[in-house]
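For reference, the structure discussed in these notes is given below.
Both ligands and their constituent atoms are indexed starting at 1 by order of listing. Values below: all heavy atoms of this structure, side chains included; hydrogens, waters and symmetry mates excluded.
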Amino acid sequence: MKTSLKLVLIFFFVSGTIVNHSQVIPEKIISARVDSVLSLMTLEEKIGQLNQFSYGSGWGPAVKVQISSQYHEMIKEGKIGSFLNATGAELTYELQKIAVSESRLKIPILFGYDVIHGFKTIFPVPLAEASSFDPEIVEMSARYQALESSSAGIHWTFAPMVDIARDPRWGRIVEGSGEDSYLGSVMSSARVRGFQGDLSNDNIISCAKHFAAYGGAEGGRDYNSVDISERTLRDVYLPPFKSALDAGAETIMASFNEISGVPSSGNKFLLTDILRNEWGFKGFVVSDWNSIGEMINHNYSKDLKDAAMISINSGMDMDMESRAFLNHLKELVDENKVYEETIDESVRRILRIKFMLGLFDDPFKYCSKEREQKIVMNDDIQKAALDVAKRSIVLLKNDGSLLPLKKDFKKIAVIGPLAESKEEPLGAWAGFGNPDDVVTVVEGLRKYVSGKTEILYSKGCDIEGGSTDGFDDAIKTANESEVVILCLGESKDMSGEARNRSSLELPGVQQRLAEEIYKTGKPVVVILMNGRPLSVEWIDQNIPAIVEAWFLGIKSGDAIAEVLFGDYNPSGKLPVTFPRSVGQIPIYYNHKNTGRPGNENNHYTSKYLDLPLSSLYPFGYGLSYTRFKISDLKLSSAEISANNNLIIKVKVENTGNYDGEEVVQLYIQDLVASVTRPVKELKGFKKIFLKKGEEKEINFTISEEDLRFTGRENKAISEPGYFKVFVGNDSGNVIESKFELIK
Ligand code: BGC
């Protein structure tokens with residue numbers, strides 16, 4: 001058959017059947033369609049599908065669409081499977097038009113973008129969202145982010161970032177869900193569900209990243225080597241990836257780092273043995289930015305050609321920006337160093353996604369300017385951003401019930417370098433977020449209070465730098481007021497990619513400012529805005545009320561005002577331990593016991609001479625304006641087996657003066673095992689609302705599967721014996737009981 005006729009038939013088949021995009025297309029049909037396209041492709045066209053390039057555009061009505069002629073030619077030649085950073089209905093339309101009208105096979109382009117915590121409407125950073133301990137809210141957030149970004153031409157987000165982070169010096173801690181694998185897994189699947197939905201018109205493909213153990217970077221230095229056991233890899237770092245895949249994540253991004261000598265972009269054990277063979281992953285793997293090329297710097301590949309060979313033979317499917325595949329795969333196939341079948345497999349996986357999204361049927365379905373105009377920053381999305389923001393706030397201290405603030409203050413001072421900042425609340429990966437859209441704390445409070453309350457503002461100092469010139473004005477402002485809201489923290493550029501710190505202290509002279517304001521004797525509330533845990537021991541010891549606000553996105557000031565005045569009773573919990581000092585790192589709640597568990601009264605035990613054993617705030621910690629008492633821990637049986645789950649019941653009472661929500665947390669400890677086990681592991685949590693004075697019984701279920709860990713043979717096993725079970729308000733405040741696993 002002549003190719004042109006074949007093409008006509010294929011495209012009739014491709015576009016003439018099942019055009020209802022909002023319905024999930026059965027895998028069998030997709031696979032047949034993929035094969036029919038594949039059968040027409042030259043080797044060069046196949047290799048073309050495996051390349052992703054950054055378009056590097058701006059977005060918005062003011063940005064003129066300019067198609068680079070180099071990319072124009074490459075699209076026509078079928079050399080580009082995907083772009084990242086080409087955004088907006090107009091630009092993606094223009095690029096797609098070239099692909100589907102001027103390239104030989106008319107294969108649509110896949111447009112990817114880092115929608116990490118919003119596209120234009122910026123939501124709280126993921127670490128903040130994880131503090132909500134509320135997967136429904138996190139799913140909703142991802143859902144709205146997908147709605148907004150898909151209306152601007154985006155098919156695919158490089159999120160969720162599901163890296164476990166036990167070192168707060170690492171700047172990318174801000175992009176994930178903190179230190180715990182269970183919480184990380186819950187948040188990971190919530191985000192995938194939110195982004196992908198049923199993959200109809202306003203959903204986007206998700207990408208669980210960075211595979212794997214990227215957060216284990218030595219010294220908290222981004223991109224650094226990771227040297228961990230396979231057991232730690234499987235028990236700590238991999239579960240959130242598995243959870244993302246179980247929720248349907250269709251792509252995975254390989255990480256920059258090496259693990260025990262093997263860079264992820266050339267790690268067959270990760271990309272094929274675990275991902276494909278053990279987990280049955282059907283989607284595709286994309287490299288991180290030039291991570292294939294960087295295997296040369298790792299001293300793992302001798303040149304780009306070698307890197308291309310190692311990477312594709314390890315299980316990589318798409319090359320982001322290194323041009324290793326583009327420039328070397330053909331030659332490698334000719335030399336029999338890479339099988340064409342390997343390339344076919346990768347092409348199949350990529351085409352499959354394009355079919356799933358319905359792009360062969362309607363390549364322009366994400367490119368409607370009218371839809372973009374209607375949806376981007378619409379009221380619903382902004383309302384959702386506020387809702388998520390207030391639920392992400394964690395109350396760290398509230399001595400003497402200083403909060404919520406009385407509504408009849410005459411003068412409130414808002415002081416500090418983050419009080420009026422419109423840039424910083426946007427956080428580390430703010431897409432097309434515009435500082436002008438941010439509600440600052442000063443603005444939020446001014447909108448909020450009645451005409452009888454005056455909000456005074458003084459900056460006091462910069463986030464960084466040594467100048468104390470603003471102190472006098474700040475002190476004067478504090479003295480004129482009845483209460484001070486002191487907004488301290490980091491700039492948004494102090495966390496995120498390649499933004500690591502060796503100190504966890506407040507930068508610049510901010511603590512000195514706090515000390516000066518404290519001396520005025522006014523009641524002070526500190527609002528922390530930061531992308532990582534901070535060591536704020538002086539603040540904790542001296543300031544009566546502390547609110548952890550992270551970077552809350554465009555609705556920051558509104559959310560903070562609602563919390564400060566008690567219209568929303570804070571319910572967040574810390575997804576990560578706050579160290580007293582950087583010297584305690586790594587410090588995480590689910591550590592091992594050691595042979596000499598730390599004991600302040602016993603010299604020869606595991607501890608520091610110059611620091612207490614405890615953290616500043618433990619994992620899972622967070623207060624409310626009310627109090628919750630957890631009691632009456634009861635187990636359905638003293639035993640559990642493979643056939644009999646254990647039901648754990650507790651009574652939760654709201655004993656304070658406000659209605660509120662509590663996150664009731666369930667932990668276990670395996671008391672004796674063939675490999676040592678953590679002192680505590682989160683296995684469940686429930687966020688419940690109780691009216692003041694109300695009480696409720698809460699149930700958790702534990703199965704034998706929940707008691708599994710990676711044994712000596714690196715397989716998931718459970719072992720008979722005793723376990724402790726803990727239920728509490730945080731990892732450090734629990735009641736406990738015991739049960740036995742019978743085999
Ligand atoms: C980051 C990824 C990101 C990619 C594309 C890389 O530098 O590590 O997380 O998705 O860039 O922007």
Specify the protein heavy atom at minimum distance from atom 4 (C) of ligand 1: its residue, its atom name, and the distance to 0.1 Å.
-> D288 OD1, 3.5 Å
Nearest-contact summary for atom 12 (O) of ligand 1 - protein heavy atom, Å = D114 OD2, 2.5 Å
Below 3.5 angstrom, do we get any N/O pair linking [X] and ligand 1?
{"X": "Y214", "result": "no"}
{"X": "H210", "result": "yes"}
{"X": "E497", "result": "yes"}

Audit row: D202, R143, salt bridge (Lys or Arg N to Asp or Glu O under 4.0 Å) steps and yes/no = CA-CA 9 Å; D202 48 18; R143 174 82 207 85; 3.1 Å; yes
Check each atom of ligand 1 against the heavy atoms of [X] and keep those under 4.0 Å away; list them by number with element.
{"X": "K209", "answer": "2 (C), 3 (C), 9 (O), 10 (O)"}
{"X": "R172", "answer": "1 (C), 2 (C), 8 (O), 9 (O)"}
{"X": "F158", "answer": "10 (O)"}

Mode of [X] contact toward ligand 1 - side chain, backbone, both, neither (heavy atoms, under 4.0 Å):
{"X": "E321", "value": "neither"}
{"X": "M161", "value": "neither"}
{"X": "L84", "value": "side chain"}

If you look at every heavy atom in G153 and T92, which pair is closest and at what distance?
-> CA-OG1, 3.5 Å
For A128 and S392, the nearest pair of non-hydrogen atoms, with its separation, is O-CB, 3.2 Å
Do the rings of Y93 and F364 sit parallel, tilted or perpendicular, given the 30° and 60° boundaries?
-> tilted
Can you say whether the rings of Y214 and Y223 are parallel (under 30°), tilted (30 to 60°) or perpendicular (over 60°)?
-> tilted
With sequence neighbours left out, write down each residue that passes ring pair (Phe, Tyr, Trp, His ring centres under 6.0 Å) with Y588, or none if nothing qualifies.
-> none
Derivation and outcome, side-chain contact (heavy atoms from CB on, under 4.5 Å), residues V100 and F360 = CA-CA 9 Å; V100 301; F360 278 93; over 6 Å; no
Are S229 and T232 close enough that a side-chain donor and a side-chain acceptor fall under 3.5 Å?
-> yes
Would you call E175 a ligand 1 contact, heavy-atom distance under 4.0 Å?
-> no
